[in-house]
Amino acid sequence: MKALRLLIASLAVAASAATAFACSRVVYLGDKNIVMVGRTLDWRTPIPTNLYVYPRGVEKTSMPDGKCLRWKSRYGSVVAVGYDGGVTEGMNERGLVMNGLFCKGSVYREAASPDSIPVMSLSMIVSYFLDNFATVAEVEQWLKTNDFGINGQTFDGGTVSLLHWGLTDSTGDTLIMEYVDGKLHLYRGREYTVLTNDPQLPDMEAINTYWTKIGGAHALPGTVSSPDRFVRASFFINHVPKDFDYPQAFAALSSIMGTVSVPYGYEIQGEPNVSSTQWTSLSDATGGKFYFRFTDSTGNMWIDMGRLRFNPGAPILKLDTSDHFNLTGCVNDKLVETSGFTPMW
């Protein structure tokens with residue numbers, strides 16, 4: 001027990017340095033065929049985020065040139081694009097959801113030479129999986145039989161994009177992708193309902209096990225650090241009813257996302273990089289709705305994927321969120337045709 005306490009303390013210190021990269025992902029698995037994925041994005045400076053709709057049949061590449069992956073999208077999707085240059089998350093028409101969260105300990109696989117393995121830009125990795133796969137099982141099989149290097153541009157004054165990813169399909173199956181010392185580690189199962197930031201998943205689960213033994217009904221850690229958010233989310237998602245109807249399931253997950261959000265304007269003296277939650281998304285994997293709310297908005301907006309055209313030849317659509325304060329309700333009618341975003345290779 002003493003050793004575990006020391007481990008927890010050391011990991012908490014390490015994680016405190018990453019509070020600028022705070023994000024949380026929580027999966028609600030309901031008994032009535034309800035699968036919803038909630039996600040918060042926290043950052044120290046505003047990240048302009050627009051929503052795009054891509055149909056089937058769009059040709060894309062993982063890099064602008066050199067050895068890269070080339071594909072034509074098999075599935076249409078709705079994606080959130082930061083800085084109009086990189087996909088942070090999204091959901092495809094088959095209900096596969098993918099979210100990229102910061103993980104400061106990530107060390108990617110890099111191509112040893114231009115001719116060794118294809119290179120994937122971080123700006124396109126989410127699109128690649130949403131475009132090509134319908135289930136977590138398909139993604140896992142592809143990852144076990146294919147290799148690629150990762151390339152990512154810095155942003156926001158030189159920040160390196162260090163990420164890990166969570167994927168959940170319409171059955172509730174989840175796959176976590178983490179890079180450790182250049183090697184991809186995969187964790188698959190319905191039990192992986194929570195993902196935050198550092199430390200990586202095995203160490204995070206050790207921390208959560210410690211708090212589980214204490215008993216969350218009596219004590220839960222309350223800071224905005226990544227381990228504390230992980231523990232709170234894990235406790236609550238496992239202690240809300242699973243037999244809810246849709247409105248109650250939506251409310252349960254939304255309120256849990258509130259417990260792991262960083263309050264708007266919150267600051268800690270001497271910790272200038274503590275970041276408020278900028279926006280929260282909720283992907284309804286079984287109902288086909290993609291909900292999105294900026295913290296300073298007056299209500300949720302959503303895209304109803306069941307009312308969109310995803311057939312090849314359908315237009316690419318964009319929702320400009322620069323005036324997001326007044327965007328509420330279904331925003332399908334506010335989508336406008338576009339040529340698509342330009343990736344930050």
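Everything quoted here is computed from the prediction, not taken from an experiment. Index from 1, following the sequence.
- Across D181 and V107, no two heavy atoms sit closer than the pair N-CB, 3.7 Å.
- Nearest heavy-atom pair, A285 versus V97, reported as atom, atom and distance to 0.1 Å: CB-CG2, 4.2 Å.
- A donor-acceptor pair is defined here as one N or O able to donate and one able to accept, closer than 3.5 Å; such a pair exists between the side chain of N238 and the backbone of S234.
- The closest donor-acceptor contact from the side chain of S297 to the backbone of R293 lies at 3.5 Å or more, if one exists at all.
- The side-chain heavy atoms of Y28 and F250, taken from C-beta on, include no pair separated by under 4.5 Å.
- Under the 4.5 Å side-chain contact rule for hydrophobic residues, V180 and L186 do not share a cluster.
- Contact annotation: the side chain of Y75 never approaches that of F310 to less than 4.5 Å [non-hydrogen atoms, C-beta and beyond].
- For the pair D228 (side chain) and V224 (backbone), a donor-acceptor distance under 3.5 Å is absent.
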- I150 and R109: CA distance, side-chain angles, deciding distance, side-chain contact (heavy atoms from CB on, under 4.5 Å) verdict: CA-CA 6 Å; I150 288 182; R109 168 74 187 274; over 6 Å; no
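- Ring geometry for Y108 versus Y179: interplanar angle over 60°, hence perpendicular rather than tilted (30 to 60°).
- The minimum heavy-atom distance between P343 and M124, with the atom names listed, is CG-SD, 3.8 Å.
- Within a 6.0 Å radius of CZ in R188, more than 12 heavy atoms belonging to other residues, nucleotides or ligands are found.
- Evaluated for a side chain to side chain donor-acceptor pair (under 3.5 Å) with T277, the options T40, D42, T295 yield exactly one hit, D42.
- Rounding to the nearest 0.5 Å gives a distance of 9.5 Å between CE of M120 and OG of S127.
- The one candidate from V136, T135, T168, L167 that meets the side chain to side chain contact (heavy atoms under 4.5 Å, CB included) condition with D173 is V136.
- Atoms CD and NZ, from Q248 and K32 in turn, are 8.0 Å apart once rounded to the nearest 0.5 Å.
- Contact check for S276 versus W43: no side-chain heavy atoms found under the 4.5 Å cut-off.
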- Quick one: do C103 and L163 satisfy side-chain contact (heavy atoms from CB on, under 4.5 Å)? Show the steps, please. CA-CA 5 Å; C103 184; L163 305 172; 6.0 Å; no
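- Taken to the nearest 0.5 Å, the CG atom of L327 stands 12.0 Å off from the CG atom of N300.
- Between the side chain of N50 and the backbone N or O of T321, at least one donor-acceptor pair lies under 3.5 Å.
- To the nearest 0.5 Å, atom CG of residue L96 and atom OG of residue S77 are 10.0 Å apart.
- Within 6.0 Å of atom NZ in K72, 12 or fewer heavy atoms from other residues, nucleotides or ligands are found, so the atom counts as exposed in its surroundings.
- Taking the side chain as every heavy atom from C-beta outward, P312 and P55 never approach each other to under 4.5 Å.
- Remark: the backbone N or O of Q200 is not paired with any side-chain donor or acceptor of E178 at under 3.5 angstrom.
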- Query: Can D169 and T171 be said to form a side chain to side chain donor-acceptor pair (under 3.5 Å), step by step?
  - Reply: CA-CA 5 Å; D169 62 29; T171 72; 2.6 Å; yes
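- For D245 (side chain) and P247 (main-chain N/O), no donor-acceptor pair under 3.5 Å exists by modelled atom type.
- D284 approaches Y291 most closely through the heavy-atom pair CB-CE1, 4.3 Å.
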- Task: Any chance you could lay out the side-chain contact (heavy atoms from CB on, under 4.5 Å) test for Q278 and I47, step after step, and finish with the verdict?
- Result: CA-CA 8 Å; Q278 294 196 14; I47 297 181; 3.8 Å; yes
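- Proximity of V27 to Y192: side-chain heavy atoms (C-beta onward) are nowhere separated by under 4.5 Å.
- Distance alone, capped at 3.5 Å, is enough to place a donor-acceptor pair between the T338 side chain and the G340 backbone.
- Residues L220 and I214 are members of one and the same hydrophobic cluster, defined by side-chain heavy-atom contacts under 4.5 angstrom among Ile, Leu, Val, Met, Phe, Trp and Tyr.
- Linking Ile, Leu, Val, Met, Phe, Trp and Tyr residues whenever their side-chain heavy atoms come within less than 4.5 Å leaves V336 and V331 in two separate clusters.
- Proximity of P315 to R309: side-chain heavy atoms (C-beta onward) are separated by under 4.5 Å at one or more points.
- When every heavy atom of S121 is checked against every heavy atom of M63, the shortest pair comes out as CB-SD, 3.5 Å.
- For F129 and W142, the ring centers are positioned less than 6.0 Å apart.
- Taking the side chain as every heavy atom from C-beta outward, P118 and R70 never approach each other to under 4.5 Å.
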- Do F290 and W302 pass the ring pair (Phe, Tyr, Trp, His ring centres under 6.0 Å) test, and can you show the C-alpha distance, the side-chain angles, and the key distance before you say yes or no? CA-CA 5 Å; F290 184 78; W302 67 86; over 10 Å; no
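- With salt bridges taken as basic N to acidic carboxylate O contacts below 4.0 Å, one links E89 and R39.
- The NE2 atom of H324 sits 10.0 Å away from atom OG1 of T49, with the distance rounded to the nearest 0.5 Å.
- Between the E138 side chain and the A134 main chain, a donor and an acceptor come within less than 3.5 Å of each other.
- Side-chain contact between D203 and L201 is absent, with no heavy-atom pair separated by less than 4.5 Å.
- A pairwise comparison of heavy atoms in L130 and M91 identifies CD1-N, 3.7 Å as the closest pair.
- Ion pairing between a basic and an acidic side chain is recognised when a charged N comes within 4.0 Å of a carboxylate O; K60 and D131 show such pairing.
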- Stepwise side-chain contact (heavy atoms from CB on, under 4.5 Å) check, N311 with R56: CA-CA 6 Å; N311 57 289; R56 303 175 217 120; 4.1 Å; yes
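- For the side chain to side chain donor-acceptor pair (under 3.5 Å) with R229, the qualifying choice from T223, T259, N197 is N197, the only one to do so.
- A salt bridge is absent between E337 and K318; no separation between the charged side-chain nitrogens and carboxylate oxygens falls under 4.0 Å.
- Between F294 and F292, the distance separating the two ring centers is shorter than 6.0 angstrom.
- Separating the OG atom in S24 from the CZ atom in F230 is a distance of 10.0 Å, to the nearest 0.5 Å.
- Of the possible polar contacts, one joining the S73 side chain to the G57 backbone as a donor-acceptor pair under 3.5 Å is found.
- N99 contributes no side-chain N or O that, together with a main-chain N or O of T88, makes up a donor-acceptor pair within less than 3.5 Å.
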